[in-house]
Amino acid sequence: MDTSQPLVLTLTARPSRDEVALLCAELGAAPPGEVVCETGALARADLAAVDALARLKLAATRRGHRIRFHGAGPELRALLTLAGLDGTLDL
């Protein structure tokens, strides 16, 4: 695997727990490095989206990755700020 480029994860419009679990497994299989999580396809900025991103953040941190969320709209940015996850936003 080329570790000079970030690992890119893409969330679907409404990621299920199973999808998030698969993405977490992908993080677990990758060597530690940069991870970019594309959030632009999320259909709604709600607590389910924040839960999915928090799970990915936790899995990434546990495996030594540095994760950034890219493409978050203003509503999702606001929720991530409230949840304390705004430090992972790509500005």
Side-chain angles (χ1 to χ4, degrees):
M1 173 178 213
D2 180 9
T3 57
S4 66
Q5 296 295 317
L7 171 64
V8 177
L9 304 176
T10 303
L11 291 175
T12 59
R14 296 187 193 277
S16 68
R17 284 194 179 263
D18 290 340
E19 288 176 77
V20 174
L22 287 173
L23 292 173
C24 288
E26 189 175 340
L27 285 169
E34 294 289 328
V35 177
V36 175
C37 182
E38 294 290 341
T39 63
L42 287 171
R44 295 174 59 188
D46 57 14
L47 292 179
V50 172
D51 178 66
L53 296 175
R55 288 175 186 277
L56 289 170
K57 166 70 172 150
L58 182 61
T61 301
R62 286 181 174 166
R63 290 164 178 89
H65 298 290
R66 291 167 307 282
I67 192 166
R68 298 182 325 240
F69 300 133
H70 181 264
E75 296 89 6
L76 183 56
R77 286 177 176 277
L79 283 174
L80 291 174
T81 298
L82 287 171
L85 295 171
D86 55 316
T88 58
L89 289 169
D90 243 357
L91 300 175

Search all heavy atoms of [X] against all heavy atoms of [Y] and return the closest pair with its distance.
{"X": "P15", "Y": "V20", "value": "CB-CG2, 4.1 Å"}
{"X": "L7", "Y": "E26", "value": "CD1-OE2, 3.6 Å"}
{"X": "L53", "Y": "F69", "value": "O-CZ, 3.4 Å"}
{"X": "R44", "Y": "A49", "value": "O-CB, 3.7 Å"}
{"X": "A59", "Y": "L27", "value": "CB-CD1, 4.1 Å"}

Straight-line distance of [X] [atom1] to [Y] [atom2], nearest 0.5 Å:
{"X": "L23", "Y": "D18", "atom1": "CG", "atom2": "CG", "result": "11.0 Å"}
{"X": "C24", "Y": "E19", "atom1": "SG", "atom2": "CD", "result": "12.0 Å"}
{"X": "T88", "Y": "R68", "atom1": "OG1", "atom2": "CZ", "result": "10.5 Å"}
{"X": "H65", "Y": "L56", "atom1": "NE2", "atom2": "CG", "result": "11.0 Å"}
{"X": "L11", "Y": "L9", "atom1": "CG", "atom2": "CG", "result": "7.5 Å"}
{"X": "L22", "Y": "S16", "atom1": "CG", "atom2": "OG", "result": "8.0 Å"}

Partner set under side chain to side chain donor-acceptor pair (under 3.5 Å) for [X], not counting sequence neighbours:
{"X": "T81", "answer": "none"}
{"X": "H70", "answer": "E38"}
{"X": "R66", "answer": "E34"}

If you group Ile, Leu, Val, Met, Phe, Trp and Tyr by side-chain heavy-atom gaps below 4.5 Å, do I67 and L89 land in one group?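 Looking at the clustering, L89 is in the same group as I67.
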